[in-house]
Amino acid sequence: MTDPADQTLAVRGRVARPNAVAYKEAGALLRAGGLVAVPTETVYGLGADATNDEAVAAIFEAKGRPRFNPLIVHVRDAETAARFVVFDDRAKTLAKRFWPGPLSLVLRRTADCSISLLCSAGLETLAVRVPDHPVAQALLRTAGCPIAAPSANPAGAISPTRAEHVAESLGDKVDLILDGGPCPVGIESTVLDISGETPVLLRPGGVPIEALIKVIGPIDVASAETPNASPGMLASHYAPRLPLRLDAHSVRADEALLAFGPAALAGAAVTENLSRRGDVKEAAAKLFAALRRLDQPDLTGIAAMPIPETGLGAAINDRLRRASAPRDPQEETSSEGDLLSQIGAVVGDKGLITDPDAMAPHLLELRGRFQGQAPCVVRPASTAEVAEVVRLCAEAGTPVVPQGGNTGLVAGGIPFEDGQAIVLNLGRMNKIRGIDPANDTITVEAGCILHDVQQAAEAADRLFPVSLGAEGSCQIGGNISTNAGGIQVLRYGNMREQILGLEVVLPDGRVWEGLRALRKDNTGYDLKQLFIGAEGTLGVITAAVLKLYPRPRARASAFAAVRDLDAAVALLGRIRAAVGDAVTSFELFPRLGIDLALAGVPDTQDPLADRYDWYVLVELTGGGGSDLGEPLETALMAALEDGLVPDATIAANQAQTDAFWRLRENMVEAQKNAGGSIKHDIAVPVSAVPAFIARASAAIAALIPGIRPVPFGHLGDGNIHFNLTQPEGADKAAYLARWEEVNRVVHDIVAEFSGSISAEHGIGRMKVDENRHYSRRWRSS
Ligand code: TXA
Ligand code: MG
């Protein structure tokens, strides 16, 4: 004898009357990872065992649903829900009043939640609901597992309210359809997010918002601007094939009419009246079936008469608005599904990440301030693969966000929250293609880690001079795309100055072959310069030829207190006059920075005995045979005598040099212990640094009394990290809320000095508006 479940696997899409045999079979199918369509009071759901990753993945596959769109999980009762989500008092109150029924609650997952992460689509929340339909309830009991179920229709299309609707559109993709007749409510559940402080209505539905407000008070309504609020509420959705026209007060003979109320318009080719007596509840129940019947290929469109916004009317109008929205090709999930499979065919399993856990680190900005969404993270292994992926995305109209080590401070490598763009991560392209010591060049792929490039240069007895805090994980492609700076710009220049050639995949997928290794090349425009610092907006850098330098053979460093900022600038001039280009770094510290480091960072010492307002760290490097200690000492002694430098110490060994640099590298860490810090990455001419710091410090002190400036950084090249620690004892959140206001005051002063509001971190997503505000430099006369 064959097991009934085996038989149904062979015949897909069979419609069964719900009786004991059918429940048993449906339960067995679900437990075995199959898909069962089940009626609920709202619409038919496409159900799978919510704890089974593969079964849940099959739902996305069958519907052609984007992976970033989370699923509602159906459970028997509130007690079961509480095993999967943090079920607080507010949830209990709502459950008591509205469950079983058409309300889905979005809540935080419990720590040991066994529901597949795919249901949450990368969010920390999960939507749960207890359906009221007897067939859904019976199935939940026989299956014994929570059931993930979106509406049982292809993504973007009209939702199903009868078993036939499911059979017509998804018949070949489901194992069994339980026929429970027409759905009594007829419109999907209301989705309410109560994971945060204020409840947010994500989707109007079967429970009117008025009823919810009566029970829990004020509710925010999610809009397109609410980030992340409702990943699945695509503008175009529930759509018939015919265009839908809203608020119709007349109808043409080649149109279908969706009527409402006693006075249906006359003259339509075909009419469906949702409710002659003007009852929104009746209208909701009929809505989707009526749309299906009106969607006839020989007509030109569907005209919909106005429907009041009250009660279920809000949900009906929401569906009609989405059904009438222009159809964005991206939102037609079949094309999304196609694109992912096409990309998968190019880059293989290793190169395509869609698992939310594995994608998570690529979607989150270093400091946690930006959390993007994407259908996938693509990790190509070659330039040809990058080119093909970019070409496919260009054809599909899908945006691409190139990403390196994801160490950026302005979120340039993080996609938007709308989940439209794919992330193109270059990390697998990490080959050093060649090194030419005689030409002093190295050719590297974009995904090479900066530190690995430094090491490869060193192995060939050369120096690659770009050096910065993130060098252990940042990648060359990102360094080039942001025109990175760092601690040796004074001597060697920034990233732009290290580049002789580039290989770039252009936005249409063509490869620009600019991988030359020439120090002289005057053949027309220098196109590579366009891609440097372009932050991926003009193309994807896949490889570069970088300059190498002789390795320094001699080194000397000193830590000096300076009388004031003018003295610091004068000291730089004097030392450069003495030793020329040997000055590699000239870094500024304020006393508060030192104090915070001593208090909060282990293993830090004050290099000098007394306290002074300002300090500099000077580092000299030079070729073989040069003695740098002596000229440094001479210059410092002279400065001491002239009163520029009250005290200084020269490192006697590498350990002391390292101790100076530890202080410098911990400046940011040190500030963390003192509360909120509002940051600026500015540059002004070196000569203007003292005046800038004085003016900007006075201006922000007037704005926020007690604010504590910690300006530090690359005085030698005019790039100051003008970071502002909150007043002692102030409220951190309230302080940080003034970020933009403070930026404006500081950046206005930067602008007066013709400075830069982004010296070495880039624009990214963070400074787009700020950049626009300050970049109007055109004049017509
Ligand atoms: O009435 C209904 O809710 C039906 C029946 C079958 O239960 N289901 C349904 O599911 O309409 P679906 O997948 O078509 O719509 C669920 C909506 C989507 O817009 C989705 O983005 C949102 O709920 N959603 C699900 N989980 C969420 C979460 N954790 N956070 C925010 N939105 C979520
Ligand atoms: Mg749906």
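Whatever order the structure lists ligands and atoms in, that order sets their numbers, starting from 1. Here the structure is a predicted model, which means the values were calculated and not measured. We number each residue from 1, following the sequence as shown.
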Polar proximity ligand 1 side, Arg129 side, N/O cut 3.5 Å exclusive: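 Yes; the residue has a nitrogen or oxygen that sits under 3.5 Å from a nitrogen or oxygen of the ligand.
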Consider every N or O of Ser189 and every N or O of ligand 1, then say whether any pair is closer than 3.5 Å.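 Yes.
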Using a strict 4.0 Å cut-off to heavy atoms of [X], name the atoms of ligand 1 that fall inside it.
X: His74; value: 5 (C), 6 (C), 7 (O)
X: Asn69; value: 18 (C), 20 (C), 21 (O)
X: Val106; value: 28 (C), 29 (N), 30 (N)
X: Val43; value: 4 (C)
X: Thr42; value: 1 (O), 2 (C), 4 (C), 5 (C)
X: Leu202; value: 31 (C), 32 (N)
X: Ser151; value: 8 (N), 9 (C), 10 (O), 12 (P), 14 (O)

Could you tell me whether a side-chain N or O of [X] sits under 3.5 Å from a main-chain N or O of [Y], the two making a donor and an acceptor?
X: His74; Y: Ile147; value: yes
X: Ser169; Y: His165; value: yes
X: Arg17; Y: Asp179; value: no

Would you mind telling me if ligand 1 is within reach of the side chain of [X], the backbone, both or neither, using heavy atoms under 4.0 Å?
X: Thr125; value: both
X: Arg65; value: side chain
X: Leu126; value: backbone

Does ligand 1 have any atom sitting under 4.0 Å from a heavy atom of Ala149?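 Flag set, Ala149 near ligand 1.
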Hey, does Asp193 sit under 4.0 Å from ligand 1 if you only count heavy atoms?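 No; Asp193 lies far enough from ligand 1 that no heavy-atom distance drops under 4.0 Å.
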Flag if over 12 foreign heavy atoms under 6.0 Å of CD, Glu309: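 Result for CD/Glu309: enclosed.
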Between the side chains of [X] and [Y], is a donor N or O closer than 3.5 angstrom to an acceptor N or O?
X: Ser104; Y: Ser189; result: yes
X: Thr80; Y: Asp77; result: yes
X: Ser159; Y: Glu188; result: yes
X: Thr110; Y: Arg83; result: no

Tell me which one of Arg203, Glu188, Arg108 gets a heavy atom nearest to atom 15 (O) of ligand 1.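 Comparing heavy atoms across Arg203, Glu188, Arg108, the nearest one to atom 15 (O) of ligand 1 lies in Arg203.
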May I ask which of Pro150, Gly205, Pro70 has a heavy atom nearer to atom 10 (O) of ligand 1 than the others do? Pro150
So is Arg369 actually on top of Trp739's ring, under 6.0 Å and inside 45° of the axis? yes
Tightest non-hydrogen contact, residues Ala284 and Leu312, listed as CB-CD1, 3.8 Å
